[in-house]
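Report on the following structure.
The first residue of the sequence shown is numbered 1, and numbering continues consecutively from there.
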Amino acid sequence: MQPSNLVSAFVKGVLGLSVLPIVLAGDLAHAVRITNEPNGFNEYTWGAPLTSFPALQQTRELGKAESGERIIVYENPGEVLTLNGVTLNRIRYRFVDGQLESIALSYEGRESRDKLLQWVEEHYGKLTPAERRVQFTQVEWFGEKTEVTLSYYHMRKEGTLLFISPAIRYRLFDSNLGGGGMP
């Protein structure tokens, strides 16, 4: 390798390493600790058995985790939910071995995202002024019983509000399916 290429590679490496802490700190800045933590969402309790929800219809089977737990997604046809004036156009319920693990709500538009952000802050905790100034596509609220993630995809002009049980999701980490968001 020529000296000029070696210097160039070194400079790029140093620049890359100097940006990494900023990126990591930025990600941490978008995580809020839940202040008023529920054990579920909208009168649904984490771990509740599928038999408690007779109106739900299976939409997708995601398979089994390595530990053998079945993961299935359900919807309630015709269900409508409005939060802070935002009509959520698709509500999905994910069950792990017949226990409610998460609820994903879909919405459209940046204005809806802003209204949902306001609603989530009122119920789960406020963003700091620094977090509010930063433009971001995802904010997370963490608790011991519930985690909330508000995501927005600018290109598609749509987003997801995800409520999840960390205790049930963590049972899936050994699987290839992972514990993240719902497809």
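Atoms CZ and CD1, from R60 and I72 in turn, are 12.5 Å apart once rounded to the nearest 0.5 Å. Distance check, rounded to the nearest 0.5 Å: CD1 of I71 to CD1 of I168 gives 11.5 Å. Taken to the nearest 0.5 Å, the OG atom of S52 stands 10.5 Å off from the OH atom of Y44. Between atom CZ of residue R90 and atom OH of residue Y107 there is a gap of 15.5 Å, rounded to the nearest 0.5 Å. For the atom pair CD of E108 and NZ of K157, the computed distance is 11.5 Å after rounding to the nearest 0.5 Å. Expressed to the nearest 0.5 Å, how far CZ of R113 lies from NE2 of H154 amounts to 6.5 Å.
Residue E79 qualifies as enclosed at atom CD: its count of foreign heavy atoms under 6.0 Å is above 12. Applying the 6.0 Å contact sphere to CD of E144 captures no more than 12 heavy atoms from other residues, nucleotides or ligands.
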Stepwise, does the side-chain contact (heavy atoms from CB on, under 4.5 Å) test hold for Y153 with T160? CA-CA 9 Å; Y153 311 101; T160 303; 4.2 Å; yes
Is there a side-chain contact (heavy atoms from CB on, under 4.5 Å) between W119 and Y124 once you walk through the steps? CA-CA 9 Å; W119 183 89; Y124 301 104; 3.8 Å; yes
Check against side-chain contact (heavy atoms from CB on, under 4.5 Å), V148 and I34: CA-CA 9 Å; V148 180; I34 291 178; 4.3 Å; yes
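With hydrogens and angles ignored, the 3.5 Å screen pairs a side-chain donor or acceptor of T59 with a backbone N or O of V73. Remark: side-chain polar atoms of D97 are paired, donor with acceptor, to backbone N or O of R70 under 3.5 angstrom. With R94 contributing its side chain and Y74 its backbone, the two residues share no donor-acceptor pair below 3.5 Å. A distance-only check finds no donor-acceptor pair linking the side chain of E158 to the backbone of S106 [under 3.5 Å].
Summarising the geometry of T87 relative to V80, their closest heavy-atom pair is CG2-CG1, 4.1 Å, with the distance given to 0.1 Å. In this structure, L88 and L105 approach most closely via the heavy-atom pair CD2-CB, 3.9 Å. Residues R33 and G143 share a closest heavy-atom pair of NH1-CA, 3.7 Å. For the pair Y170 and E147, the tightest heavy-atom approach, listed with the atom from each and the gap, is OH-OE2, 3.2 Å. Residues S151 and Q138 approach most closely at OG-OE1, 3.1 Å, considering heavy atoms. In plain terms, the two heavy atoms of I164 and W46 that are nearest each other are N-CZ2, 3.6 Å.
With a 4.5 Å cut-off on side-chain heavy atoms, W141 and T146 do not count as touching. At least one side-chain heavy atom of Q57 sits less than 4.5 Å from a side-chain heavy atom of P77. Between L117 and Y152, the closest side-chain pair of non-hydrogen atoms is not below 4.5 Å.
With hydrogens and angles left out, the side-chain atoms of E101 and S165 include no donor and acceptor closer than 3.5 Å.
Ring orientation note: the planes of Y93 and F53 are close to parallel, at an angle under 30° on the 30°/60° scale.
In summary, of the residues considered (T149, I103, L83), a side chain to side chain contact (heavy atoms under 4.5 Å, CB included) with L161 occurs for L83 alone.
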